[in-house]
Amino acid sequence: MPRRRPPLYAVHDERGASFTDFGGWEMPVEFDSIRTEHEAVREASGVFDVSHMGEVTVSGPDATELTQRLVTNDVSALGPGDSQYAAITDEDGAMLDDTVVYRLPDDGGRLAALGDDPTPDDAAGPTYLFVPNAGHDGEAYDRWTSHRDEWDLDATVTNRTDEFAMFAVQGPDAADLLADASADPVTDLSRFEARWATVAGVDCWVARTGYTGEDGFELIVPWDDAETVWAAFDCQPCGLGARDTLRIEAGFLLSGQDFDPESNPRTPYEAGIGFTVKLDTEFVGRDALAAQQEAGVDDRFVGFKLTERGVPRHGYAITTPDGEEVGTVTSGTMSPTLDEPIGLGYVPAEYDEAGTEIRVVVRDRPKDARITDTPFVQ
Amino acid sequence: MSFDAPDDRGYLESHEWAHEDDGTVRIGITDFAQDELGDVVFVEVPDVGDDVTKGDEFGVVESIKAVSDLYSPVSGEVTAVNEELFDAPELVNDDPFGDGWMLAVDPSDPDELDELMSAAEYREQVE
């Protein structure tokens, strides 16, 4: 199957980016150097093309109920312009994906103007936009539509991934950058709040969210206007390599790497995002998660630092100091900010206290390591 | 993009170089290799006194994004390792043919150097 490309593929290529496959998308992994890009975001600002992220809208009289029953968080608590982080779980409570769910303003107008499909009028109920991970947009669309039909709900589900680019402007200077580029106020947005704003003359959905541990914004931008909006940010272009090192330092999960329904099924409680689970709502997987919350988890997602030279990588074994294998590394890197080898992975719950001594087996050589609180970088 | 490849040394297809000076062979990775790897954060090399064998793995170089095995261009005994790389692995990026060298080897068969690719042949491979 041919890989999908973001609308700015040629622009990035011209700029000298190197590319990698990410969930079936050919995305820029590095523009200048991961370290340079990482440091720019920690110290000033950087802009990422994250157009591989999906966009799915749900509207109609039963949009709230449908979405409520398919994510772990309480969608009904969202007011217009609010968003929340949530997990999508199967009947066993294992995460199929994680996502951010936005409730759009009830005018619905701007989105309707941008897309091919009609958006319901005010009386028909709220419209939600949620963002599946790269390559998961099709399965999310299928999941929403098949459950809608099974439950006989009245909702329109539209996969808009090919209609929108997505950019992330991140770092301590991100608010100033966005304020300069936007005709509408944006710096008053609080964390996880979003609104339509005209950026470089283009209607964009602007949210104060991000995946780097820094202040920042994510913009959902009409596909055909992507270049205009991208050009409005005079800061370091960053690839997915820096995005990975930044999110590991922040202790954030990466779908498909830190959990995977096939190779590493994990519940939100195991993965440390139990705060996204609202057991007083009804959703697929709720009963399994209620039982796990009652019984407690066997494994927990933790951060650690190597105290010897080496770099932890996905798939390396975690052992006790005596050599008993107890877990697996799911993400790791040499932290550009700390200049220390850091990683994320699962260990039995009794090993999750900060300071606990473990070992990480790096190419058959056990290296001393220590459980560490996350985020690694405040 | 063109990459540096000095004429005074031999090369492996796997992007290591070997430079002989006064009977000692220094080994490192090429400009092309460091560029492909990106920011080098870790180098693992044998100890002084260990033996290396032409064509066999002798260590690992890791960048933030990738792990890459290192292959020896010659056989012989390791007489020195570049310990500066333990604290400053970025030297491999900054100066791959100079301060970023990795090993010095006393070659057991100096004729092996003649079997390496010339700079011109290597440049043809990576361009």
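No experiment lies behind these values; they were computed from the predicted model shown. Quick note on labels: first sequence line is chain A, next is B, and so on, each numbered from 1.
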Around atom CD of A/E227, are there more than 12 heavy atoms of other residues, nucleotides or ligands at under 6.0 Å?
-> no

Expected contact set for residues 55-87 of chain B against chain A at heavy-atom separation under 4.5 Å reads B/V60, B/E62, B/S63, B/I64, B/K65, B/A66, B/V67, B/F86

Correct closest heavy-atom pair for A/I34 and B/D39 would be N-OD2, 3.0 Å

For B/E13, look at atom CD and say whether over 12 heavy atoms of other residues, nucleotides or ligands are found less than 6.0 Å away.
-> no

Side chain, backbone, both or neither: which part of A/S33 has a heavy atom under 4.5 Å from chain B?
-> both

Residue part contacting chain B, namely of A/P341, when any heavy atom lies under 4.5 Å | neither

Of A/R313, A/R35, A/H38, the largest count of non-hydrogen pairs under 4.5 angstrom with chain B goes to A/R313

In terms of heavy-atom contacts, does CD of A/E308 have more than 12 from other residues, nucleotides or ligands at under 6.0 Å?
-> yes

So, B/E44 and A/R309, do they make that salt bridge, N to O below 4.0 Å?
-> no

CG/A/D234: more than 12 non-hydrogen atoms of other groups inside 6.0 Å | no

